[in-house]
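Structure, as structure tokens:
Just so it is clear: chains get the letters A, B, ... in the order the sequence lines come, proteins before strands, and each one is counted from 1.
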Number of protein chains: 2
Amino acid sequence: MSRYSNPTMKDVAREAGVALGTVSKVINNQPVGEEYRIKVENAIKSLDYKVNTYARGLKTKQSYTIALILPDIINPFFASIAHYTELYLFELNYKLMLCCSQGKCEKELFYINMASQNKVDGIIALTYSDISSYVSEDLPIISIDRHFNNTVLCVASDNYTGGYLATEKLIGAGCKHPVYIRTGSVVYGETNKRKYGYLDACEHNGITPDILDLTDGDDTIECFRNFLEQSYERKDVPPIDGIFTVNDYLGFQLIEYLHSIHKDIPEDIQLVGFDGIQHFGSLGYYMSTIAQPVERIAKACVDILLSPDKSKYPNPYLLPVEYKYGGTTLL
Amino acid sequence: MSRYSNPTMKDVAREAGVALGTVSKVINNQPVGEEYRIKVENAIKSLDYKVNTYARGLKTKQSYTIALILPDIINPFFASIAHYTELYLFELNYKLMLCCSQGKCEKELFYINMASQNKVDGIIALTYSDISSYVSEDLPIISIDRHFNNTVLCVASDNYTGGYLATEKLIGAGCKHPVYIRTGSVVYGETNKRKYGYLDACEHNGITPDILDLTDGDDTIECFRNFLEQSYERKDVPPIDGIFTVNDYLGFQLIEYLHSIHKDIPEDIQLVGFDGIQHFGSLGYYMSTIAQPVERIAKACVDILLSPDKSKYPNPYLLPVEYKYGGTTLL
DNA sequence: CTGAAAGCGCTAACAT
DNA sequence: ATGTTAGCGCTTTCAG
């Protein structure tokens with residue numbers, strides 16, 4: 001790999017016939033006499049000078065780089081978080097370092113280390129593992145959707161309201177037996193509040209709640225099939241006619257299965273997902289869903305991370321969700 | 001933002017009772033007496049010392065960071081490029097800086113500048129703008145899918161064969177009037193070879209080619225509707241019964257429209273896309289498609305970029321594609 | 001094989 | 001307001 005030896009500030013100073021400090025001041029927008037400024041600016045242009053970010057970082061201990069830790073970048077929900085985060089960071093002159101942790105704690109820790117090396121100025125993390133024990137008090141880190149404790153500030157959707165809203169929609173659209181189906185890690189997180197929203201909405205509407213809780217490693221479709229069959233055999237409850245899934249990803253899998261057994265959606269069973277994922281990012285929703293305000297989440301993370309006083313933000317910091325019709329419900 | 005003052009090499013040297021240079025040698029795996037090595041390693045552990053990458057970079061001019069420039073990260077095809085690139089880079093101890101250019105040349109140039117500042121060691125770029133004029137001979141940059149000239153090495157799928165394959169599939173499945181529909185930037189790129197594959201496949205099978213070329217700003221669906229209607233009115237050619245789209249994104253839009261006018265797919269019209277995008281990254285193909293070998297593309301980019309001798313690679317560097325059945329064709 | 005010291009390019013404190 | 005200089009933490013040369 002070829003390496004460059006670019007012009008340095010010293011070269012600029014010589015070319016402009018001024019002192020090193022003056023060049024530095026011009027570059028950092030500090031007061032400098034007009035004629036000097038012009039001389040320096042010309043020299044910068046003619047030499048095509050660019051500041052060496054290493055040398056600067058060595059002094060200032062700032063990298064203007066934020067690390068974003070995501071389980072992966074293929075899931076469209078995570079991708080859109082990355083998208084908005086990058087856009088907003090760039091506006092603020094920050095760069096984004098991307099880490100796809102694949103849930104591997106070691107990889108997450110690697111990036112946390114980078115932060116303590118000042119290689120990145122801060123971390124935005126959406127992680128399944130409880131990293132809070134590795135995070136020191138003053139490490140600039142924001143967690144998305146996972147509320148570990150009070151040392152790590154968490155930005156999340158209003159999951160409780162989302163769960164409540166989804167359930168109310170199903171009930172309002174005529175469902176007599178709406179169930180909640182969740183999957184994923186068992187680490188306590190914000191996401192669990194979706195369940196509480198579901199439970200409360202059931203209670204307020206006089207409906208007996210019914211939950212299918214899939215753990216990692218379970219065969220999703222197999223478990224769902226059993227769940228469905230057992231439910232249809234029972235005579236004490238109405239047949240399942242509504243499903244609220246913890247996310248769109250799971251919702252999509254169930255829809256595929258339901259189609260394969262010739263259930264009509266939304267006629268036989270209505271379904272509401274969570275996340276608000278669209279085809280190709282913008283070509284319409286996969287299903288009726290509770291859409292997370294991804295852009296606002298990304299901005300909030302950045303704003304809080306770069307804010308000098310994090311204590312003024314509530315923890316968790318909740319953002320409102322919205323119901324989106326996507327063809328899998330009657331309303 | 002709080003900044004850390006971490007232990008430095010000097011601290012380690014003092015703690016271990018050795019000289020600074022010795023510590024450096026231990027860290028960089030250079031020959032050091034065994035007892036010294038142990039003393040240093042213990043000191044490193046007890047102080048929780050980590051090298052400061054700025055100071056190191058200032059000397060070595062290496063950042064172990066690669067910038068990936070993508071139009072955006074929401075498009076699942078780009079997302080999967082990012083995914084595999086990050087994974088492979090991490091294996092090699094490199095970090096990934098993500099740039100969503102949104103096709104903005106200025107944003108791309110910003111990252112190209114970073115490379116000349118040695119802030120990143122190299123760039124992998126998938127861009128619509130012709131950046132070749134801004135790229136100096138020795139800038140370590142690899143282009144994906146865009147072949148500008150011989151100074152910038154390009155990694156791409158075998159687009160010609162892909163186009164040929166898609167067309168042959170349609171014809172083999174009985175299509176008498178397969179059309180090619182493309183959209184997007186008019187910058188000459190590898191992608192255009194998909195068209196030549198289509199043209200040659202038509203010729204070899206005695207079929208008159210028929211192409212709809214949408215330019216940016218056109219209303220895709222409106223143009224397609226006109227194209228379809230005009231074609232059905234003509235009596236000199238069979239009705240359109242096959243479509244090869246330049247990518248899955250466009251294919252998806254056309255499928256939605258065709259459904260809306262009650263055309264059955266694949267019975268009335270068969271369709272083959274390009275890219276190989278799957279629902280949620282892994283839950284099945286949107287349509288029959290020519291799948292790009294994304295993982296191999298990502299690896300090739302990284303390997304070539306980090307290779308000391310780029311001249312040993314052909315330009316463009318082509319990787320094989322594969323036809324994937326996805327329900328929108330008869331075969 | 002180890003220790004001392006120069007210097008990477010920059011910022012910031014200080015002297016002018 | 002501008003010039004001078006120390007020093008950030010590291011690598012690397014050179015002397016011991």
Would you mind telling me which residue lines up with the more 5' stretch of DNA chain C, B:A19 or B:L58, judged by nearest nucleotide? B:A19
For B:Q30 and D:dT11, what is the distance between atoms CD and P respectively, to the nearest whole Å? 9 Å
C:dT11 phosphate, OP1 or OP2, under 4.0 Å from A:Y54 side-chain N/O: no
Mark yes or no for a side-chain to base donor-acceptor pair under 3.5 Å between A:K25 and D:dG3, with no hydrogen or angle criteria applied. yes
Check whether any side-chain nitrogen or oxygen of B:T22 sits under 4.0 Å from OP1 or OP2 of C:dG3, and answer yes or no. yes
Could you tell me whether the phosphate oxygens of D:dC10, OP1 or OP2, come under 4.0 Å of any side-chain nitrogen or oxygen in B:S24? no
Proximal nucleotide (of D:dG9, D:dC10, C:dC1) relative to the A:K61 side chain: D:dG9
What is the distance from CD of A:Q62 to P of C:dA12, rounded to the nearest Å? 10 Å
Pairwise side-chain contact, A:R37 with A:N29, heavy-atom cut-off 4.5 Å (strictly under): yes
Is the shortest heavy-atom distance from the side chain of B:R56 to the side chain of B:N28 under 4.5 Å? yes
OP1 or OP2 of D:dG9 sitting under 4.0 Å from any side-chain N/O of A:K59? no
By a strict heavy-atom criterion of less than 4.0 Å, which residues belonging to residues 33-46 of chain B are in contact with DNA chain C? B:G33, B:Y36
Taking the six-membered ring for Trp, are A:Y64 and A:Y94 parallel (under 30°), tilted (30 to 60°) or perpendicular (over 60°)? tilted
Rounded to whole Å, how long is the line connecting atom CE of B:M9 with atom P of C:dG7? 19 Å
Side chains of A:Q102 and B:L87 in contact at under 4.5 Å (non-hydrogen atoms): yes
For A:N52 and C:dC8, is the shortest distance between a side-chain N/O and OP1 or OP2 below 4.0 Å? no
Could you check how far CG of B:L47 sits from C1' of D:dG9, rounded to whole Å? 15 Å
A:L20 vs B:N28, nearer the 5' end of DNA chain D by closest nucleotide: A:L20
Honestly, is A:K310 close enough over A:Y313, meaning NZ or CZ under 6.0 Å from the six-membered ring centre and within 45° of the axis? no
So is B:K107 actually on top of B:F110's ring, under 6.0 Å and inside 45° of the axis? no
Note, B:E15 side chain near B:I44 side chain (heavy atom, < 4.5 Å): no
